[in-house]
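Structure record follows, encoded as structure tokens.
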Amino acid sequence: VVVDAHASIRSDHPQVEPRLNILESNSSFLNAAPSHGPRSRLVLFGQTLESGGYDYGFLWEDLVLSGKQTLKNSEVLLLPCATCLAEPLQERLRDWIAAGGRALAIAPPGVHDPWGRPSGKLLSAVFPNVEWAQPKPGEWEPRGTAPPASETVHPVLGNLYCGQLGKGELWV
């Protein structure tokens, strides 16, 4: 039997958590209808971060909701496929953004609940009086009395919109 003399030291010290995380939304994997496979976006984010030498981690919807993972140490959160989110998770994201978090979503996060019904708690907090429409599969656009101006236009990825909430921001 080999005993690691440092094992107790490692277990006594807190784990270093990355400040950049990717949130995997199992609600969206079950119910969203993306134009590309949801895991492909997750993998693309991971590969892009790896090639840039970024230290990142994964947060899992169920673990965040059960309290086994937390958003508090994240500075930036990537949401590759989060159109369907449980409302308690939307509320946690809303509070985290308001406290200074920055999130980047490929599509409007939480536009639907886990069962595919209209929701939008997070979106209405960040983008008041705006509804998100999907004129074509995989394309989203804000509509309403005062839709946000597009920050940039990309020929393949489309428009990018920024919403402020408290000290933080959500990019969609």
Side-chain angles (χ1 to χ4, degrees), residues 1-127 132 140 162-172:
V1 174
V2 177
V3 177
D4 184 351
H6 300 288
S8 64
I9 294 172
R10 283 194 298 263
S11 64
D12 291 343
H13 294 284
Q15 180 181 3
V16 176
E17 295 183 31
R19 309 300 272 168
L20 171 64
N21 285 293
I22 300 173
L23 176 69
E24 180 173 351
S25 165
N26 42 318
S27 295
S28 290
F29 287 127
L30 297 172
N31 297 310
S35 58
H36 304 290
R39 293 238 185 239
S40 67
R41 291 182 186 154
L42 188 75
V43 169
L44 179 61
F45 269 49
Q47 289 174 335
T48 302
L49 294 170
E50 291 283 334
S51 67
Y54 291 96
D55 182 26
Y56 68 96
F58 286 97
L59 297 176
W60 312 97
E61 179 180 10
D62 288 344
L63 295 178
V64 171
L65 288 172
S66 69
K68 294 179 181 176
Q69 285 185 316
T70 180
L71 302 171
K72 73 177 182 175
N73 291 323
S74 298
E75 290 178 12
V76 177
L77 190 60
L78 304 175
L79 307 167
C81 186
T83 54
C84 296
L85 289 176
E87 290 188 353
L89 183 58
Q90 291 183 55
E91 292 165 3
R92 287 186 192 190
L93 288 168
R94 178 199 61 211
D95 296 345
W96 173 80
I97 291 169
R102 293 183 302 166
L104 172 64
I106 295 295
V111 72
H112 303 291
D113 71 7
W115 298 274
R117 296 183 299 230
S119 181
K121 278 191 168 198
L122 172 62
L123 290 167
S124 63
V126 179
F127 299 99
W132 293 84
W140 291 90
C162 181
Q164 302 287 320
L165 180 64
K167 298 177 184 177
E169 56 193 17
L170 171 63
W171 291 82
V172 178

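All figures in this text were calculated on a predicted structure; none of them were measured in a lab.
In terms of the side-chain hydrogen bond (donor to acceptor under 3.5 Å, both in side chains) criterion, residue partners of Q90 (sequence neighbours excluded) are, by chain and number, S119. By the side-chain contact (heavy atoms from CB on, under 4.5 Å) test, S51 is found to be paired with no residue, residues two or more places apart in sequence or in another chain being considered. The side-chain contact (heavy atoms from CB on, under 4.5 Å) test applied to K72 returns T70, not counting sequence neighbours. Every residue two or more places apart in sequence or in another chain that forms a ring pair (Phe, Tyr, Trp, His ring centres under 6.0 Å) with W132 is listed here: F127, Y161. Applying the side-chain contact (heavy atoms from CB on, under 4.5 Å) rule to N73 yields the partners E17, R19; only residues at least two apart in sequence or on another chain are considered. Judged as a side-chain contact (heavy atoms from CB on, under 4.5 Å), and not counting sequence neighbours, the contacts of F58 are I22, L42, Y56, W60.
Distance check: D113 CG to K121 NZ gives 11.0 Å after rounding to the nearest 0.5 Å. The structure places CD of E91 at 11.5 Å from CG of L85, a figure rounded to the nearest 0.5 Å. Interatomic distance, CG of L104 versus CG of L23, reported as 12.5 Å (0.5 Å rounding).
P109 and L123 get closest at one heavy-atom pair: O-CG, 3.3 Å. The two atoms that bring P18 and G57 nearest to each other are CG-N, 3.6 Å, heavy atoms only. In this structure, C81 and S25 approach most closely via the heavy-atom pair O-CB, 3.5 Å.
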Residues 95-102 side chain polar contacts: donor-acceptor under 3.5 Å, at least two apart:
residue : atom : partner : partner atom : Å
W96     : NE1  : L71     : O            : 3.0
W96     : NE1  : S74     : O            : 3.2

Which pairs of donor and acceptor atoms, one on a side chain in residues 165-172, lie under 3.5 Å apart (sequence neighbours left out)?
residue : atom : partner : partner atom : Å
E169    : OE1  : Q164    : NE2          : 3.0
E169    : OE2  : W171    : NE1          : 3.1

